[in-house]
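What follows is a single structure, written as structure tokens, with notes after it.
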Amino acid sequence: MKRLLIILTILALALPLFAFDFFFDSEEPNRNISFTLEGGVNTFFSDGELAPYTTLTLKAEQDGSKYRAIADLIYDSNLNTLEAQELSVSLFLGPITLKAGLMRHSWGTADTAHVVDIVNGRDLRRGIVDDLELMKRPDWMITLSTYGENSAFDMVVKPGFNPSQIPMDDSKFSMLDDDMLAEIAAGNITIPKFPGTHSLHDISIGARYRFIFDPVDIGFIYYNGYFHDPGFSIKLKFDPVKFTYVPDALKSIQYTRHQLIAIATSYFFEPFTLAVEGGVFLSEDSKGTDPSLYNSKLVYLAELSYTNPNNSFFAALNYQGQMVLNYDPRLLPIPIQYLDADLLASFDGKPYQNNFTLALEYPFMQEKLKVRVAGTYQLESMGFMALGSLTYDLDDAIEVFGKSTLYGTFDTKRPGLYNTWKDNSQIQVGVRAWF
Amino acid sequence: MKRTLTILLIMLVLTPMLFAASMSASQIITKVTDTQKSDSAAMDLKLTLIEANGTQRERRIQTLTKSVGDDVMSITVFLSPESVRNTRFLTKDVGGQTEQYIYLPALKRVKRIAAGEEGGSFMGSDFSYADMASTTYDADEAVHTIVSEDSLSYTIQSIPNNRKTYGKLVVVVDKSNYLPLKVEFYDLDQKTVIKTLVTEQQDVVDGRPITKILTMTTLATGHATRLEIVQARYDMPISDNYFTLKFLETGR
């Protein structure tokens, strides 16, 4: 114990690196407070509805030589919410960085999508947006990071977890299709109570070890926690009038504990980067017999990207997929029949799914005008999503933008997320200011 | 005796001038390079991007540079505008190989990127990456010729051995401290001036003459960038830990 205390004391006394130490009369304050105000209007193609909106972000950062505290809050008038994006304190103890609070912690080597970035749940209340971090829900956690000469280790402990924010009501980006929403509205189906997710039973722990063997960097990941997406199954009943099975009830909602064993690497061969992520999720429902729990699955991703340092042009082509193990695409168990959670989350009922994503960004006019284009095609459902945006800097502190998001499918009979959201294609015009 | 003393005094006064007059263009350029060389440097910089209509945008960065022999490491921290704040950029020129890494706070990740060509724009400014490292060619990088000379300055023409971006540079060198007063950057045709660099203010830091404020103008667009060294320190010890993955990711 005494030895441990001595080590901790030495770590605490170790001189931290602090960039501004070189400038004794630095003009930069240790406290930085900034606001970002965005206002605009959304128009949905399907109904022509105009939806004005405002978001206000406050970010306050206090930098000490041995610590950093961050408070990042966002008000979103569309969602009518005031939420914390980050509330964290970092302690810099020599080679160790300890960080605790509400935050996002990122894993993975690709730029446009990940299969191993699982520490945080998803936030799909705004649909698909051009900010991967904003599509992740902040969570309470403690992280510990330490670095070697060409290596890094980080560990995450989450005492419970914040589930994914997936709308299951009649809002625009609801995950439930129209048939299910009609059954719920008619009172034929009730959504069961969501279980609590903050108890000792819900603790999650994970770690990543990375090392750079130029030009390759390799990361090994282990995580023992929960899928943040709720698992549920739908009980069916036979409707003699329609002469088919129709939804009868939602079986209790559950969260599935899993272990992830994964690898995330990148290989730099100038001027390209090849990122590869892959792993196996080992579910607590190892045989895939519980219809409300997610099964084990394999996930894989490959991405080729290019960044031009002369003009910041960025391009990436990403392929990602998954294969659900022990997957029974039929109804089970018989005769009391349920639609399995994996089946409900699948694209067109397949045990596998494959997605291609292409992203491009090009700055013009001394970086005042930025053009972004991104598109995803989902092979099994033939669904797609396309994003395009133009951003123009009026000033260092003000930019105007126009964005368009298209959701759709080439085959409306195939179920999938982009099919469910096909009426959510929209155009957005707005202005963003920093002060 | 008195006459001998007078001759000696005249010789003492004239010798440096005679020596200076006999300096070759390469020697002058070497002096220019040596004047600006340091084992380490910490700089707080302000870049003001000025459009032809007078509209201005400002970028603040801080850089740390450390040289060991021919190896150079530098880290740049972006302070403003808000949209790029806390972006960190690491360059290592080690063993003739250049490695560049960038930490993007929006992605919370470090990316390795290709080394920039010398003509690429730095942060949307009129300075290229190569200009940020040096606004003149080293003695062995170009053929240097004295074009003219007056009591205050030398005018040197430098034609690079490897013509990638510029066909010719014409550098006006301050005789008093060997700092560039003005540089004209010519296109590959060696006739068309594409950019001009003008020193607006000089200063002395730690006994070392420095160019404190300089403006680069792109003639075709009228766009200009004013670079001001807000603070600078030279030749002090800088830990290697600044040039690491840890500093890139944590800023510590």
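Letters A, B, ... mirror the listed sequences (proteins, then strands); counts begin at 1.
- With chain B as partner, the option from A:R104, A:K59, A:M365 having the largest number of non-hydrogen pairs under 4.5 angstrom is A:R104.
- In this structure, the portion of A:S305 lying under 4.5 Å from any heavy atom of chain B is its side chain and not its backbone.
- For a residue to count as touching a neighbouring chain, one of its non-hydrogen atoms must lie under 4.5 Å from one of that chain's; by this rule A:Y267 does not touch chain B.
- Under a cut-off of 6.0 angstrom, the local environment of CG in B:D70 is sparse, with at most 12 non-hydrogen atoms contributed by other residues, nucleotides or ligands.
- A distance of 12.5 Å separates OH in A:Y147 from CG in B:N241, rounded to the nearest 0.5 Å.
- Contacts between B:S125 and chain A at a heavy-atom distance below 4.5 Å involve the backbone alone (N, CA, C, O).
- Scanning both residues, B:E82 and A:S34, for their nearest heavy atoms gives OE2-OG, 3.1 Å.
- Of the atoms belonging to A:I212, it is side-chain heavy atoms, and not backbone ones, that fall under 4.5 Å from chain B.
- Here the side chains of A:D396 and B:R59 are in contact, with some heavy-atom distance below 4.5 Å.
- Residue-environment remark: NZ (B:K212) exceeds the threshold of 12 foreign heavy atoms within 6.0 Å.
- Taking the charged nitrogens against the carboxylate oxygens, B:R112 and A:E270 have no contact shorter than 4.0 Å, which rules out a salt bridge.
- The number of heavy atoms from other shown groups lying within 6.0 Å of CZ (A:F435) is above 12.
- Residue contact with chain B, scored on non-hydrogen atoms closer than 4.5 Å, involves the side chain of A:D393 exclusively.
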Query raised in the report: Do B:R85 and A:N32 pass the side-chain contact (heavy atoms from CB on, under 4.5 Å) test, and can you show the C-alpha distance, the side-chain angles, and the key distance before you say yes or no?
Result: CA-CA 11 Å; B:R85 199 167 71 83; A:N32 188 296; 3.6 Å; yes
Report task. In sequence, state the C-alpha distance, the side-chain angles, and the governing distance for A:M103 and B:K108, and then conclude on side-chain contact (heavy atoms from CB on, under 4.5 Å). Result -> CA-CA 12 Å; A:M103 58 188 156; B:K108 295 181 178 167; 5.7 Å; no
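- Contacts of B:E51 with chain A are made by side-chain atoms alone, with heavy-atom separations under 4.5 Å and no backbone atom involved.
- The candidate from A:K368, A:E399, A:E133 with the greatest count of non-hydrogen atom pairs under 4.5 Å with chain B is A:K368.
- The residue among A:F272, A:W434, A:F268 with the most heavy atom pairs within less than 4.5 Å of chain B is A:F268.
- Considering only heavy atoms from C-beta on, A:D111 comes within 4.5 Å of B:R109 through its side chain.
- For a residue to count as touching a neighbouring chain, one of its non-hydrogen atoms must lie under 4.5 Å from one of that chain's; by this rule A:N150 does not touch chain B.
- Using a 4.5 Å cut-off between heavy atoms, A:R210 contacts chain B through its side chain alone, with no backbone atom that close.
- With 3.5 Å as the limit, one finds no donor-acceptor pair spanning the side chains of B:K111 and A:T273.
- Contacts between A:E149 and chain B at a heavy-atom distance below 4.5 Å are absent for every atom of the residue.
- Distance OG/A:S90 to CZ/B:R252: 8.5 Å, rounded to 0.5 Å.
- Residue A:P215 touches chain B through both its backbone and its side chain, counting heavy-atom pairs closer than 4.5 Å.
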